[in-house]
Amino acid sequence: MYRLLVLTRVLDRYLLRLQRMGKAALYAEAMGEEAAMVGSALALHPEDVVFPSYRELGVFLVRGVPVSEILDRQLNTVDDPLKGHEFAVFGDRRFNIVPAPTPVSTQIPMAVGYALAFKIRGERRLVVTYFGDGATSKGDFHEGINFASVFKPPIVFICMNNQYAISTHVSRQTGSATIAQKAIAYGLSGYRVDGNDVIAMYLVSRSVFEEVRDGGDPVLIEAVTYRLGAHTTSDDPKRYRSEEEVQQWMKKDPVDRMRAYLIAKNVIGEEDDRSLWSEVEAFVSAEVERALAKPGLEPEVIFEDVYAEPTPQLREQIEEFRQQLRTERVMRG
Amino acid sequence: MTVLTFAKAINEALRYEMRRDERVVVLGEDVGVNGGVFRCTEGLLVEFGPMRVMDTPLSESAIIGVALGLAANGMRPVAEIQFSDFIFGGFEQLVSNVAKFRYRNAGHFTAPLVVRAPVGGGVRGGMYHSQSPESYFTNTAGLKVVVPSTPSDAKGLLISAIRDDDPVIFLEPKRLYHSLKEDVPDGEYTVPIGKARLVREGEDVTVITYGATVYDALAAAEEVEKEGISVEVIDLRSLIPYDWEAISRSVRKTGRPVIVHEAQKTSGFGAEIAATIAEREIYSLEAPVIRVTGYDTPYPLVHEHLYLPNKDRIVNAIRRSAAH
């Protein structure tokens, strides 16, 4: 558990640096929210299906996604499993992760439908969808959870309440005292969890997931956490929040908390901890070097996967595009 | 063959596919107990039960989003939006999610769903029961857009749409639902998506249209026949993809294209056809391309017969074209 937190933190810092180096278009940091990601994802079964938003790096790592594939995605290398069609949001059928759409909350009704198919077929599998506090202001959150409250498919809604939707504080998103209480209006249960406590997140998720897999009603979990980094690499959080506030939350850093706990309980020593960090650092650093050495994607990928078979109109455009590429290559010699 | 109305043909297609393939499910507002406000889903709840015929909350975005989730997870959902005028509640799902789903995940998951919606005017339905929103969807990569105009095509195209591995927006001209009957092939019957139908052969002018205006175009063709103008009528049936071969073959023959649709003129689908004719067949033209369409106003409640591209307006356009 702790190792996954460390891996998430280290990889997150590398992904941020790669964007700063101009190697990737955009990155949405996970720092500060690792415990809510790792704790909930550890309670999933491999056959359960995840609908992330765009920040759940820790969830991907827990699901067993190799660091190399996350780097292939972020850097859009020739091995990018999603062929560079969108930003570095991971998704892959092999890991039962459905890639997220950027428009906030639109994955929620889709996740409900995915879970409904399990119910129709009588499969004992669970769907979990993640979204932020800002998403709870959108229609698709309400339409999705309302639909789920009627059809009762096996789904758990996890709101990563990291206090901010870009610059807007959660107090400007809703007049409700909590996100969790919104479940009550739909006749469902809502849990409010300290999202910076990885053990609490794991225990609540485990019992909720088990209950829902067994045919229980959908549940809303609010993980109260804090985005220590920026919204994305295009954002400057100094414009909207104070250094004091960030420092307050730094004291509750979920990775530090787990480390302090493990050391206090004598599960690991200071030395073990240092060697874990340097081992993870060395591993990620080597993966980054390998990924950076890979070539990029061929131009033709932009025409792939629009339809199962390209339409005649699209086929003509592909031909036109190839002609253009040939001309450019000739011109460049 | 059985004589069926357009609405019964839709019903027949759904029933046939649901019997054949247990992955096919129907969801929407009032589709179960009530059988749909146009009765297209009548009897399905009794035969297939509430897990496959789902009366949903009044929630267009959820209907489309849930249908996408079902499709991604191995089902073949057919979602009904009660009127295409209400589809905009689910517009973000269609445009941001459904249309881009295959592309966004590079084919790891796909979206084989159908969204059915009644379209078009002529039923005194006013602004919010009469619109023709097809261009919003033809301008969105990843969607297919189909508009049948006969009961047989309604059945054959809907079955093809359900079996298609990509999302299909299936627009049903509502004024045809109960006004039209014809022999429809029994049992297995499919019409390929992307193939136009040559409705009427002619030599002088080509009318390119789709949906309910096919009948106005035919009436106009009959009328000008008396004046010695021979009109060919093409029913596109499918807008994405569309059958350029059928259009170009006819335009090469007549040199005089007239494009007819109910949707408003500016940025309507006719503009796409006209532009492609200009790109590819300009030297075949004997007359300028003429469009007969709805006007650039919201759909009016009063005087809708004057707003619609009716027979008289089409006759007028054909005469103008033939005069060149």
Side-chain angles (χ1 to χ4, degrees), chain A residues 49 51 80-86 89 91-94 97-103 105-121 123 125 127 138-140 142-151 153 301-302 304-316, chain B residues 22-23 25 27 51-52 54-75 77 89-90 92-93 95-113 141-144 164-167 193-194 240-245 272 276:
Chain A
V49 177
F51 283 71
D80 178 354
L82 302 190
K83 302 185 194 172
H85 286 168
E86 232 304 83
V89 175
D92 194 313
R93 186 177 273 286
R94 288 169 299 158
I97 299 167
V98 183
T102 302
S105 88
T106 51
Q107 77 277 18
I108 297 173
M110 182 178 31
V112 173
Y114 207 96
L116 187 55
F118 287 147
K119 181 166 179 165
I120 291 170
R121 294 197 296 261
E123 292 179 48
R125 291 169 72 182
V127 171
K138 292 250 321 195
D140 271 349
H142 295 278
E143 290 204 23
I145 198 166
N146 180 61
F147 199 102
S149 75
V150 175
F151 286 86
V301 294
I302 68 173
E304 291 175 18
D305 307 307
V306 183
Y307 299 95
E309 294 292 331
T311 60
Q313 284 76 32
L314 199 48
R315 256 197 293 275
E316 286 162 16
Chain B
E22 64 175 16
R23 299 173 304 165
V25 296
L27 68 159
M51 293 297 268
R52 294 184 66 197
M54 295 177 262
D55 271 325
T56 66
L58 203 165
S59 197
E60 281 79 12
S61 193
I63 292 167
I64 294 168
V66 165
L68 173 60
L70 287 163
N73 194 0
M75 307 299 283
E92 184 172 35
Q93 280 296 332
V95 172
S96 298
N97 223 353
V98 170
K100 295 167 178 59
F101 191 58
R102 177 189 284 277
Y103 195 73
R104 190 172 79 223
N105 64 62
H108 279 272
F109 297 88
T110 57
L113 68 136
L143 299 176
K144 293 184 177 179
D164 200 284
D165 288 331
D166 288 303
I193 292 173
I240 302 291
Y242 66 91
D243 189 348
W244 170 249
E245 290 304 312
E272 181 60 37
T276 310

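Residue numbering restarts at 1 for every chain, and letters A, B, ... go by the order of the sequence lines. The basis for the numbers below is simple: all heavy atoms, side chains too, and nothing from hydrogens, waters or symmetry mates.
- Interface remark: Ala72(B) contributes backbone and side-chain atoms alike to the contact with chain A (heavy atom separation under 4.5 Å).
- Contact of Ala148(A) with chain B is not made at all, since no heavy-atom distance falls under 4.5 Å.
- Between the side chain of Gln107(A) and the backbone N or O of Phe51(A), no donor-acceptor pair lies under 3.5 Å.
- The greatest number of non-hydrogen atom pairs below 4.5 Å with chain B, out of Val301(A), Thr311(A), Ile120(A), is found for Ile120(A).
- When each of Ile302(A), Leu314(A), Val112(A) is checked for heavy-atom pairs under 4.5 Å with chain B, Ile302(A) comes out on top.
- Judged by distance alone, the side chain of Tyr307(A) and the main-chain N or O of Leu143(B) form a donor-acceptor pair under 3.5 Å.
- Using a 4.5 Å cut-off between heavy atoms, Ile97(A) contacts chain B through its backbone alone, with no side-chain atom that close.
- Using modelled atom types, one side-chain atom of Lys100(B) and one backbone atom of Val95(B) make a donor-acceptor pair closer than 3.5 Å.
- In this structure, the side chain of Asp166(B) engages the main chain of Ala308(A) through a donor-acceptor pair within 3.5 Å.
- Taking CG from Asp305(A) and CZ from Arg102(B), the interatomic distance works out to 7.0 Å, rounded to the nearest 0.5 Å.
- For Pro81(A), the parts lying under 4.5 angstrom from a heavy atom of chain B are both the backbone and the side chain.
- Going from atom CG of Leu68(B) over to atom CG of Asn97(B) covers 5.0 Å, rounded to the nearest 0.5 Å.
- Residue contact with chain B, scored on non-hydrogen atoms closer than 4.5 Å, involves the backbone of Glu304(A) exclusively.
- Distance check: Asn146(A) CG to Phe151(A) CZ gives 10.5 Å after rounding to the nearest 0.5 Å.
- Using a 4.5 Å cut-off between heavy atoms, Val306(A) touches chain B through backbone and side chain atoms alike.
- Among Asp80(A), Val150(A), Asp92(A), the residue with the largest count of heavy-atom pairs under 4.5 Å with chain B is Asp92(A).
- Top candidate by heavy-atom pairs under 4.5 Å with chain A, chosen from Asp243(B), Asn105(B), Leu70(B), is Leu70(B).
- Using a 4.5 Å cut-off between heavy atoms, Ile64(B) does not touch chain A at all.
- No other option in Gly107(B), Gly142(B), Ala99(B), Gly194(B) has as many heavy-atom pairs under 4.5 Å with chain A as Gly142(B).
- A salt bridge does not link Asp140(A) to Lys138(A): none of the charged nitrogens lies less than 4.0 Å from a carboxylate oxygen.
- Interface check for chain B: of the options Pro101(A), Gly91(A), Ala117(A), the most heavy-atom pairs under 4.5 Å are formed by Pro101(A).
- Of the atoms belonging to Phe101(B), it is side-chain heavy atoms, and not backbone ones, that fall under 4.5 Å from chain A.
- Contact of Glu60(B) with chain A is made through the backbone alone, with heavy-atom distances under 4.5 Å.
- In this structure, no portion of Glu123(A) lies under 4.5 Å from any heavy atom of chain B.
- At most 12 non-hydrogen atoms from other residues, nucleotides or ligands lie less than 6.0 angstrom from CD of Glu309(A).
- Within a 6.0 Å sphere centred on CD of Glu22(B), heavy atoms belonging to other residues, nucleotides or ligands number 12 at most.
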